[in-house]
Amino acid sequence: VLYFTPLMSARTVAVNGVAAVPQEQVLAAAAVAPGTPLLQINTDAVAERVATIRRVATARVQREYPSTLQITVVERVPVVVKDYPDGPHLFDRDGVDFATEPPPPTLPYLDADNPGPTDPATKAALEVMLALPPDVVAQVGRIAAPSVASIALTLTDGRVVVWGTNDRTDEKALKLAALLTQPGRTYDVSSPDLPTVK
């Protein structure tokens, strides 16, 4: 009886967690017909449809009796930006290109040949960015990853950080934070046991 009863139908579809994604876009992607009995709604299928929106990292859908369908969205957050002929593309922590729009003012630029979630150099560069303390991230203007073995950062003031490979990334991030307090132009943490400043 509950499967068909109109008392337990979706009269409200609530959307949580959206900031950049319009709520209307989530509702359109969810494609839940008003009045559909809650038990007849395939919550996994609705979540999958919502997750096809480029800006959405994850979507979770739950039934809340008697008559609400709750959609909780986690939006993708930009970590780096890359210039393309059609404008700047924003990439999240997984290397997903999710938006073409002007970047936030402090977002570092990525120099990688084929950025994307399956590109090893992109993944290595993002691993470095995510390991850096927030105060260091705020100073990074560009991160270059021509290959996994030759990552380099250019700070907004022109100083250069030679990172090398993405091995021992957490150690290098800690050493770099300490090194940046010293005057210099080039900070080399490619060998974290022997970091140098020139």
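Computed over heavy atoms, backbone and side chain alike; hydrogens, waters and symmetry mates excluded.
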Checklist entry - Counting N and O atoms only, with roles assigned by atom type, does the side chain of R76 sit under 3.5 Å from a partner on the main chain of A99, one being a donor and the other an acceptor? => result no
Checklist outcome for this item: Rounding to 0.5 Å, atoms CG (L90) and CG (L107) come to a distance of 6.5 Å
Next on the checklist: Please find the pair of heavy atoms, one from A30 and one from V46, that lie closest to each other, and give the distance.
Outcome noted: CB-CG1, 3.8 Å
Next on the checklist: Between R54 and D97, does any side-chain N to carboxylate O distance fall below 4.0 Å?
Outcome noted: yes
Checklist entry - V26 and I53: which non-hydrogen atoms are nearest, and at how many Å? => result CA-CD1, 4.0 Å
Next on the checklist: Closer than 3.5 angstrom, by distance alone: can the side chain of K198 be matched with the main-chain N or O of T186 as a donor-acceptor pair?
Outcome noted: no
Item to check | Pairwise side-chain contact, P103 with P78, heavy-atom cut-off 4.5 Å (strictly under) | outcome: no
Next on the checklist: Using the rule given for side chain to side chain contact (heavy atoms under 4.5 Å, CB included), can you reason through M129 versus V137, listing the C-alpha separation, both sets of side-chain angles and the distance that settles it, and then say yes or no?
Outcome noted: CA-CA 7 Å; M129 288 304 305; V137 169; 4.0 Å; yes
Item to check | Atom pair CZ (R93) and NZ (K123), whose distance is rounded to the nearest 0.5 Å | outcome: 13.5 Å
Checklist entry - What are the two closest non-hydrogen atoms of I151 and A124, and how far apart are they? => result CD1-CB, 3.6 Å
Next on the checklist: Using a 3.5 Å distance criterion without hydrogens, assess whether the side chain of D94 forms a donor-acceptor pair with backbone atoms of V96.
Outcome noted: no
Checklist entry - Any side-chain donor paired with an acceptor under 3.5 Å for Q25 and R55? => result no
Checklist entry - Closest heavy-atom contact between T196 and L179? => result O-CD1, 4.0 Å
Checklist entry - Hey, does L180 have a side-chain heavy atom less than 4.5 Å from the side chain of D135? => result no
Checklist entry - Short question: side chain of Q182, backbone of V197 - any donor-acceptor pair under 3.5 Å? => result no
Item to check | Hydrophobic cluster membership, V79 vs Y109, 4.5 Å side-chain cutoff | outcome: no
Checklist entry - Is a side-chain donor or acceptor of Y65 paired with a backbone partner of L38 at a separation under 3.5 angstrom? => result no
Checklist entry - Would you say V61 and L69 make side-chain contact, with heavy atoms under 4.5 Å? => result yes
Checklist entry - In terms of hydrophobic clustering (I, L, V, M, F, W, Y; side-chain heavy atoms under 4.5 Å; direct or indirect links), are F98 and Y84 co-clustered? => result no
Item to check | Distance in Å, T43 OG1 paired with I71 CD1, rounded so as to fall on 0.5 Å steps | outcome: 10.5 Å
Next on the checklist: Test your reading of the model: is there a side-chain donor-acceptor pair from S147 to the backbone of A149, 3.5 Å cut-off?
Outcome noted: yes
Checklist entry - Hey, quick one: are L130 and L174 part of the same hydrophobic cluster, counting side-chain heavy atoms closer than 4.5 Å, chains of contacts allowed? => result no
Checklist entry - Would you say D111 and I143 make side-chain contact, with heavy atoms under 4.5 Å? => result no
Checklist outcome for this item: Rounded to the nearest 0.5 angstrom, the CG-CZ distance for D44 and R60 is 12.0 Å
Item to check | Step-by-step side chain to side chain contact (heavy atoms under 4.5 Å, CB included) determination, V140 to L155 | outcome: CA-CA 4 Å; V140 179; L155 305 185; 4.0 Å; yes
Checklist entry - Nearest 0.5 Å, what's the CG-NZ distance between L110 and K82? => result 6.0 Å
Item to check | Hydrophobic cluster membership, V21 vs V74, 4.5 Å side-chain cutoff | outcome: no
Next on the checklist: Taking the side chain as everything from C-beta on, heavy atoms only, tell me whether L153 gets closer than 4.5 Å to L176.
Outcome noted: yes
Checklist entry - Transitively linked via ILVMFWY side-chain contacts under 4.5 Å: V77 with L132? => result no
Checklist entry - Can you name the closest pair of heavy atoms from V81 and P88 and give their distance? => result CG2-CB, 3.6 Å
Next on the checklist: Any non-hydrogen side-chain atom of V18 less than 4.5 Å from a side-chain atom of E75?
Outcome noted: yes
Next on the checklist: Restricting to non-hydrogen atoms, name the atom on V161 and the atom on V189 that form the minimum distance, rounded to 0.1 Å.
Outcome noted: CG1-CG2, 4.2 Å
Checklist entry - Counting N and O atoms only, with roles assigned by atom type, does the side chain of K175 sit under 3.5 Å from a partner on the main chain of S191, one being a donor and the other an acceptor? => result no
Checklist entry - Only one of E24, Q70, Q23 clears side-chain contact (heavy atoms from CB on, under 4.5 Å) with V15; which? => result Q23
Checklist outcome for this item: Separation between CD (E48) and CG (N42), nearest 0.5 Å, reads 7.5 Å
